[in-house]
Visitor: 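The structure's right below; bear with me while I get my questions together.
Residue numbers start from 1 in every chain, and the chains themselves are labelled A, B, ... in the order their sequence lines are given, proteins ahead of strands. Worth knowing before you read on, the calculation uses all heavy atoms, side chains too, and leaves out hydrogens, waters and symmetry mates.
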2 protein chains.
Amino acid sequence: MAAVTDAKTNVAATAPARGRRSASFLNPGLILDAAMAIIERDGPDGLTFRRLGISLKADHTAVLRHFGSKDDLLIALAGRLMDVALEGFAPEGEWRETLLSLARRVRSAALAHPGVAVLVSARSARRPSVLGAADAAIGALRQAGLSVQDAALYYQVLADTAMAAAAYEAATLNLDSDARDGDELAWRREYLAAPPQRYPHLASAAPHLADIDNEREFEALMGLLLDAVEVRAQRARDADANGHDGR
Amino acid sequence: MAAVTDAKTNVAATAPARGRRSASFLNPGLILDAAMAIIERDGPDGLTFRRLGISLKADHTAVLRHFGSKDDLLIALAGRLMDVALEGFAPEGEWRETLLSLARRVRSAALAHPGVAVLVSARSARRPSVLGAADAAIGALRQAGLSVQDAALYYQVLADTAMAAAAYEAATLNLDSDARDGDELAWRREYLAAPPQRYPHLASAAPHLADIDNEREFEALMGLLLDAVEVRAQRARDADANGHDGR
DNA sequence: CGGCGTTGGCTACGGCGTTGACATTGCTGT
DNA sequence: ACAGCAATGTCAACGCCGTAGCCAACGCCG
């Protein structure tokens with residue numbers, strides 16, 4: 001039809017109908033920014049190439065020139081999230097503060113971008129910032145008095161637990177916003193309604209369960225872990241002091 | 001082509017071409033079984049109504065008569081996974097064993113069905129079996145000597161941490177199987193290649209990081225948490241013994 | 001035995017990720 | 001200066017996906 005051709009030639013008159021518009025006006029940083037904005041606005045399921053294209057005023061397939069697949073895009077988002085989390089981090093004086101600070105940073109980043117966090121959890125980003133954080137964390141554990149082996153093990157535990165807890169919390173945040181079928185609130189109400197003769201402990205604890213918020217829970221988790229690490233470090237130091245071989 | 005009409009009439013001759021085939025040959029249990037089988041075979045992304053239909057020898061839209069949406073199906077899967085995890089559970093004599101057993105059950109179920117676990121994580125299933133487990137866990141913490149408030153708090157921490165850790169591990173398992181772009185293995189190799197002058201602690205710990213397997217990490221996590229809980233319970237009991245008010 | 005709710009089949013719609021062909025741009029070496 | 005070429009954006013199309021609407025067969029209840 002003429003209309004179609006008209007539209008085509010019309011565009012061609014004002015700007016190139018095909019071929020690139022200018023020297024690479026799309027670039028990975030721009031795309032990642034747009035993607036994060038879309039996720040924050042529409043949730044994790046709202047991120048599609050087509051919407052990305054609209055937001056960037058480009059064809060949706062143009063994004064594929066910079067990220068080979070949606071998976072690549074998600075991996076890049078994971079990297080950006082980690083960079084945001086660790087931006088400006090430097091080890092504190094006290095080993096415990098260093099580790100707490102790292103854990104809180106991971107959680108904060110996940111809560112600030114819950115949609116991103118849930119998309120990329122367990123997608124360990126290979127980045128310099130992460131290497132620096134790992135080095136600082138292991139250094140802190142060594143400073144506490146742990147052996148290299150123990151420092152390695154507990155670093156892994158602490159890092160993975162912080163990531164897992166942050167992703168878990170982010171996942172519930174996403175649910176609350178886009179599928180408010182009372183997945184969490186009704187849950188706690190159900191605890192309160194538990195038959196006391198059948199679930200006596202649960203019934204007596206239910207009122208206290210109701211007023212645990214996520215932050216307090218996270219702090220309690222990290223407190224428990226760091227306390228236990230401290231105890232083991234103390235034991236290791238004691239053993240080290242009693243003659244130069246342990247035991 | 002005659003073949004198409006032939007096929008139709010052929011089916012009509014042997015069995016009804018339309019309308020239901022027999023009294024409700026589809027039911028939720030059957031559908032859930034098929035869904036779990038598909039996820040285990042094809043991974044979490046392999047679960048679609050169409051494949052479910054093929055596997056059940058039914059039209060894919062027939063499943064919607066039993067589960068109003070895919071979300072409903074996932075929630076039902078979450079419930080089934082929790083039931084599998086807690087099947088046959090009974091509290092042990094020792095409080096620590098009770099809590100460890102619950103955590104290991106959650107992890108085992110998640111690893112046995114990683115695709116399901118990652119689909120439904122943070123989708124807390126409202127089920128009797130979960131209520132029973134919660135009651136047993138809180139009872140164990142009370143038995144250890146904690147106050148009701150502390151038992152509630154630490155129950156929440158332990159339960160959520162076990163679920164989060166299990167889901168996290170399941171997520172990495174799924175990645176390893178369907179996107180073997182070396183997300184985990186290359187990661188550890190990168191640790192080994194870290195420049196020692198820039199990341200001294202990391203470099204010295206890298207060889208030990210390499211031989212931490214997932215199970216050891218999970219056991220270390222639970223060991224740390226339970227140790228810390230034990231210390232706090234001990235403190236609470238001591239305080240209780242010194243005059244009947246704490247402090 | 002006649003209506004009617006339940007359940008399954010079919011068609012269709014809009015949206016998704018991804019591919020392949022094509023056009024335009026800007027850099028390259030000579 | 002200019003041919004060649006890689007990079008980058010556009011377009012059309014493919015095969016999936018979830019789900020809505022309508023129709024047909026079955027079992028049940030009056």
Visitor: What's the NZ-C1' distance between B:K70 and C:dG15, to the nearest Å?
Guide: 15 Å

Visitor: Output yes when B:D33 and B:R80 qualify as a salt bridge under the 4.0 Å nitrogen-oxygen rule, no when they do not.
Guide: yes

Visitor: What is the distance, rounded to the nearest whole Å, between atom CG of B:N27 and atom C1' of D:dG27?
Guide: 17 Å

Visitor: Answer with yes or no whether A:R50 presents, from its side chain, a donor or acceptor under 3.5 Å of a partner atom in the base of C:dG14.
Guide: no

Visitor: Applying a 4.0 Å non-hydrogen cut-off, can you work out what B:H60 is touching in the nucleic acid: base, sugar-phosphate, or nothing?
Guide: base

Visitor: Could you work out which one of D:dT10, D:dT8, C:dT18 sits closest to the side chain of A:H66?
Guide: D:dT8

Visitor: A:E219 and A:L100: side-chain contact (heavy atoms from CB on, under 4.5 Å), yes or no, with the steps?
Guide: CA-CA 9 Å; A:E219 293 294 331; A:L100 250 187; 4.2 Å; yes

Visitor: Tell me: CD1 of A:I31 to C1' of C:dG17, nearest whole Å?
Guide: 15 Å

Visitor: Assign B:T61 to base, sugar-phosphate, or nothing according to its heavy-atom contacts below 4.0 angstrom with the strands shown.
Guide: base

Visitor: Calculate the interatomic distance between B:R65 atom CZ and D:dC23 atom C1'; express it in whole Å.
Guide: 10 Å

Visitor: Closer than 4.0 angstrom, basic N to acidic O: yes or no for B:E87 and B:R105?
Guide: no

Visitor: Calculate the interatomic distance between A:R51 atom CZ and C:dG17 atom P; express it in whole Å.
Guide: 10 Å

Visitor: Taking side chain to side chain donor-acceptor pair (under 3.5 Å) as the definition, give me every residue that meets it alongside B:R198, ordered by chain and number, with sequence neighbours left out.
Guide: none

Visitor: Hey, are the side chains of B:M222 and B:T161 touching, using non-hydrogen atoms and a 4.5 Å cut-off?
Guide: no

Visitor: Between A:G68 and A:G46, which is nearer to the 5' end of DNA chain C once each is assigned its nearest nucleotide?
Guide: A:G46

Visitor: Hey, does B:L221 have a side-chain heavy atom less than 4.5 Å from the side chain of A:D160?
Guide: no

Visitor: Which whole-number value in Å describes the distance from A:I54 CD1 to D:dT10 P?
Guide: 13 Å

Visitor: Could you tell me how far apart A:F67 (CZ) and D:dG9 (P) are, to the nearest whole angstrom?
Guide: 12 Å

Visitor: So which nucleotide from C:dT18, D:dG9, C:dG8 ends up closest to the side chain of B:F25?
Guide: C:dG8

Visitor: If you only use heavy atoms from C-beta on, which nucleotide in C:dT19, D:dT10, D:dG18 is closest to the side chain of A:A62?
Guide: D:dT10

Visitor: For DNA chain D, list all stems, counting runs of three or more consecutive pairs where every pair is Watson-Crick or G-U wobble with both distances under 3.5 Å.
Guide: C:1-30 with D:1-30

Visitor: Could you tell me if the side chain of A:E217 sits less than 4.5 Å from the side chain of A:D213, heavy atoms only?
Guide: no

Visitor: When the distance from CG of B:D59 to P of D:dA24 is rounded to whole Å, what number comes out?
Guide: 16 Å

